[in-house]
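Okay, so here's the structure we're looking at.
All residue numbers refer to positions in the sequence shown, counting from 1. Just so you know, ligand 1 is whichever comes first in the structure, and atom 1 is the first atom listed for that ligand. Heavy atoms only: backbone and side chains are in, while hydrogens, waters and symmetry mates are out.
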Amino acid sequence: MQKTTDSRQYYTKITTHVLQEMKLKGEKIAMLTAYDYSMAKILDDAGIDVILVGDSASNVMAGHKTTLPITLNDMIYHASSVMRAVTRALVVVDLPFGTYQGNSIEALNSAIRIMKEAGANAIKIEGGEEVIESVKRILSAGIPVMGHLGLTPQSIHKFGTYVVRATESDEAEKLIKDAHCLEEAGCFGIVLEKIPALLATQVTNETRIPTIGIGAGSGVDGQVLVLHDMLGITTKFSPRFLRRYHNLSEEIKGSVTAYIDDVKSVSFPNEREQY
Ligand code: KIV
């Protein structure tokens, strides 16, 4: 097994520079999503390096089928809740669909709202060359930007499915070009979603900025999962890259059933639980 350092022993605050150091040292970066105060506090206390306030909140918090409906105001609400909990992790917030594509001034204004109103540390944008003007303008305001290539859920209607991306050479070449483009523009990292492991490793080796994979194998600089998926709160989403660490949905149902039984049988509250 590869010998690495452990950021939990060295850093009291994770910054984009720390992530860069971790890549240089060969220490893997652990990232998870969170959308609310209580979960974010647990993740931060556990020593997670990066918290992503992902637009997957649209799916797992709001119940939408895609990430498209979530608004900038929704993202600011979720990000503000997370920021009130976090002291150590770097908090990255997704710019939602329709707030940065095709208009770099709108992109900058959206990013500024997230930084100012939520107090976030960085933002994330989906896409490569086609959003580079927006990426550069946001960076020019001193706002750290993370890229996101491969499966980009905000483009689901263009692709039609959530299958693995960049399996054909032309798409793989574009992805490599886009990764270089994002690095040259000044992004501090790139999420690589659902692409072949060999391609993700190649991008990781060819770029100086950290790559964070989700369904991209182990050759990347870090991993990210959606919290509700890895805890087993969601149950229907089961791609092969997802490792479930818990079956919280069943545990919560068990507790709620026990509570209902206790209320109905008047075994709750007992004498010690009343005044
Ligand atoms: O919104 C999100 O949760 C994401 C991750 C899947 C990387 O973008």
Side-chain angles (χ1 to χ4, degrees), residues 19 28-36 39-40 43 48-72 74-79 81-82 89-101 110-111 114 118 120-128 131 135 145-156 159 161-166 175 178-179 182 187-195 200 203-204 209-217 220-231 233-234 237-244:
L19 298 186
K28 298 288 185 185
I29 297 161
M31 172 163 157
L32 282 172
T33 64
Y35 320 96
D36 67 276
M39 286 291 189
L43 266 52
I48 198 77
D49 296 311
V50 185
I51 291 180
L52 172 65
V53 184
D55 59 358
S56 49
S58 180
N59 308 103
V60 298
M61 300 300 286
H64 293 296
K65 285 202 164 62
T66 71
T67 58
L68 274 65
I70 201 160
T71 66
L72 188 56
D74 293 336
M75 292 304 294
I76 290 169
Y77 168 76
H78 287 299
S81 309
V82 166
L90 179 83
V91 179
V92 182
V93 181
D94 266 335
L95 280 194
F97 176 69
T99 65
Y100 63 93
Q101 297 96 335
S110 306
I114 286 185
N121 303 136
I123 60 103
K124 176 164 83 59
I125 277 186
E126 292 184 8
V131 293
V135 168
V145 178
M146 178 168 235
H148 184 155
L149 298 173
L151 175 62
T152 46
Q154 291 180 13
S155 308
I156 183 58
F159 295 112
T161 76
Y162 288 101
V163 294
V164 62
R165 292 282 139 76
L175 189 142
D178 280 343
L182 292 169
C187 286
F188 71 88
I190 307 174
V191 166
L192 297 174
E193 181 164 355
K194 218 170 176 185
I195 61 169
V203 172
T204 303
I209 55 174
T211 57
I212 310 289
I214 172 162
V220 285
D221 298 309
Q223 300 291 333
V224 58
L225 285 175
V226 170
L227 185 69
H228 290 57
D229 297 335
M230 64 84 81
L231 290 179
I233 297 173
T234 53
F237 181 68
S238 294
R240 84 179 207 214
F241 69 75
L242 174 62
R243 185 175 293 181
R244 274 196 215 287

What does the N/O contact table under 3.5 Å look like for ligand 1?
unit_1: ligand 1; atom_1: 1 (O); unit_2: Asp55; atom_2: N; d: 3.2
unit_1: ligand 1; atom_1: 1 (O); unit_2: Asp55; atom_2: OD1; d: 3.0
unit_1: ligand 1; atom_1: 1 (O); unit_2: Ser56; atom_2: N; d: 3.1
unit_1: ligand 1; atom_1: 1 (O); unit_2: Ser56; atom_2: OG; d: 3.3
unit_1: ligand 1; atom_1: 1 (O); unit_2: Asp94; atom_2: OD2; d: 3.1
unit_1: ligand 1; atom_1: 3 (O); unit_2: Ser56; atom_2: OG; d: 2.5
unit_1: ligand 1; atom_1: 8 (O); unit_2: Lys124; atom_2: NZ; d: 2.9

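- How far CG of Leu68 is from CD of Gln154: 6.5 Å, rounded to the nearest 0.5 Å.
- Scored by the salt bridge (Lys or Arg N to Asp or Glu O under 4.0 Å) test, Lys194 finds no partners at all (sequence neighbours excluded).
- With sequence neighbours left out, Ala120 forms a side chain to side chain contact (heavy atoms under 4.5 Å, CB included) with Val93, Ile114, Met115.
- Residue Phe241 places its CZ atom among more than 12 non-hydrogen atoms of other residues, nucleotides or ligands, all under 6.0 Å distant.
- The aromatic rings of His228 and Tyr35 sit tilted relative to each other, their planes meeting at an angle between 30° and 60°.
- Applying the salt bridge (Lys or Arg N to Asp or Glu O under 4.0 Å) test to Asp55 and every residue at least two apart in sequence or in another chain returns nothing.
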